[in-house]
Each structure stands twice: as structure tokens, then as C-alpha cells.
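One structure is given below, encoded as C-alpha cells.
Both ligands and their constituent atoms are indexed starting at 1 by order of listing.
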Amino acid sequence: MTSPATHFNHAISRRPAASVTGGLRAEDRGAPDLARMQAAHDAYIATLRATGAKVVVLEALEDYPDALFVEDTALCLPEGAIMMRPGADSRMGEVAQMRPTLAGLFDDLRDISGPGHIEGGDILFTGREVLVGRSARTDAEGVAELRIILEEWGHSLRELQTPEGVLHFKTDCSLLDPETVLSTKLLDNGYCFDGYRVLHLPEGEEAAANAIRFNDVVLLPDGFPKTADMLTREGYDIRPIDNTDCALLDGGMSCLSLRFNV
Ligand code: GLY
């Protein structure tokens, strides 16, 4: 069954810049290797394209080290797109860099104008509702402003809490199909995913939680064999992607694209 939460005819990504080595990170575990990151990014885009989707690849932005994590700049839904307002000062300017591309694709383009903040990584659209985790980057005011737009478009928003120390809500969960969520046990604390089937990350493989269902495949960070086996047994067609370097900046599969239908 296709759903606008899992099936897409378009995506937008942005090439990593050389400045990505200075990208934000919660813990310094070394700088990413640019060449290896670019190769992984190429594989990611090729995997999206192989499903038949059109993928727009934007130029690298040296002034914005984290700009390859395009997901944080906007929320794309069937009714239109909403430009976000990042909670990290160094990422605020990325939104204006993305806006013209989305303005060319969406008739209805809205803006979170503030004073609150909200980043796309904290938002999971499941098809039946929009889950938003408050975090160090997404605050109550940002969520409230998003809620007003979503109500106009007929979507219900459920406000949740991203666990302390976790960058984004989707750092710890992914939608595998409209009924099924992949989640860490830490995030799935008994109420987040009420009404969904939840598959828990195997112990020690929590870093594989940020995957994406994109058309008929699931892009999953490579190197998590128990998770890969679990998803394969559950009938998902997985595509492992090297996430070594994005992981050093707390990034994953969802962060690298905006996915939508136009
Ligand atoms: N490095 C991704 C972020 O902190 O937003």
C-alpha cells in the first residue's frame, strides 16, 4: 500500500561542503572524512533514484557546515511545505538557501516565523498524524506555530519529548510503513507510538534507528547486522548505506533529504 508518508516521487539533497568537518556534534569523536562522506552521499542519492524518484541535488554551501542535513530546513506534506526555524544559530541561514527550491515546487509555502524554533529532524509524519518531539532544537513556541498551519491543512499534531541528550526525535525512530515504527527502547517509553506496531532496535544497535522508508526500500545505516536481519525477516527490502561520517555529526538517513510528492 502506498502512503504519502512512505512513497515519494521527489527528493532534495545537498552535497556536503569541505566545511562539513566543522559541523555541529554533541560529542567530538573526530572529524568526518570528506571523500568517504561524498562517496556515501552518492550512494544514498543513487539509491533514492533507483526507486524511480526525481532527486534534486543542490550545491554544497561552504558557509553552512551542516547544510547537507537538509531535512531540518523544511517539512514537506501533500498540502504544501513549511520552512522551519532551526534552534542552532549556525543553521538558521540554511532555511533561506532552501526556500527558492521549494518555492519552485510547492504552491503553498509557509514559514515558521518565530520567536520559537523547530527543526525537521524532530518531526515524524506517519500519514495519520504528525509527531513532534520537543528537544534542545525544537521548543514549545515552534511546535505551537507549526500546529496552527497543520490544523489549517487538516493534520493533527501530537507533541512528544525527545529524550535528553538525543539530538532529534528521529535520531531515535523511523517510519517503516504507515503502521510500523522502528524505535529505540529509550524513545518508545510506552506512549509515543500508541496505536502503531513498534520494532525495537536490538541492544547495542540503537545508532541504526534513523532509517528511511523510501518507496519500496528502507535505507538503513550500514554495520548493524541484527537490525538488518530483523527488518529483512519482517519483509522490508533494506539498502545499507555507509553512515560512518554523518554519524560523527549526529546525522543519519532521514537528515540527508527532503522527501515529498509534487
Ligand atoms: N550536526 C547536525 C546538527 O547538529 O544539526
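Less than 6.0 angstrom separates the ring centroid of H155 from the ring centroid of F125.
Residue pairs satisfying the salt bridge (Lys or Arg N to Asp or Glu O under 4.0 Å) criterion with at least one member in residues 32-50, sequence neighbours excluded, are listed as follows: R15-D42, R36-D245. Within the structure, side chain to side chain donor-acceptor pair (under 3.5 Å) contacts touching residues 54-65 (residues at least two apart or in different chains) are S19-E62.
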Distances for all N or O pairs of ligand 1 and the protein under 3.5 Å?
residue, atom, partner, partner atom, Å
ligand 1, 1 (N), L24, O, 2.8
ligand 1, 1 (N), D66, OD1, 2.8
ligand 1, 1 (N), L249, O, 2.8
ligand 1, 4 (O), R137, NH2, 2.8
ligand 1, 5 (O), R91, NH1, 2.7
ligand 1, 5 (O), R137, NH1, 2.9
ligand 1, 5 (O), R137, NH2, 3.4

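Between R259 and E71, at least one side-chain nitrogen of the basic residue sits less than 4.0 Å from a carboxylate oxygen of the acidic one, meeting the salt-bridge criterion. Ion pairing between K170 and E119 fails under the 4.0 Å rule for side-chain N and carboxylate O.
Residues satisfying the ring-ring contact (aromatic ring centres under 6.0 Å, His included) criterion with F224, sequence neighbours excluded, are absent altogether.
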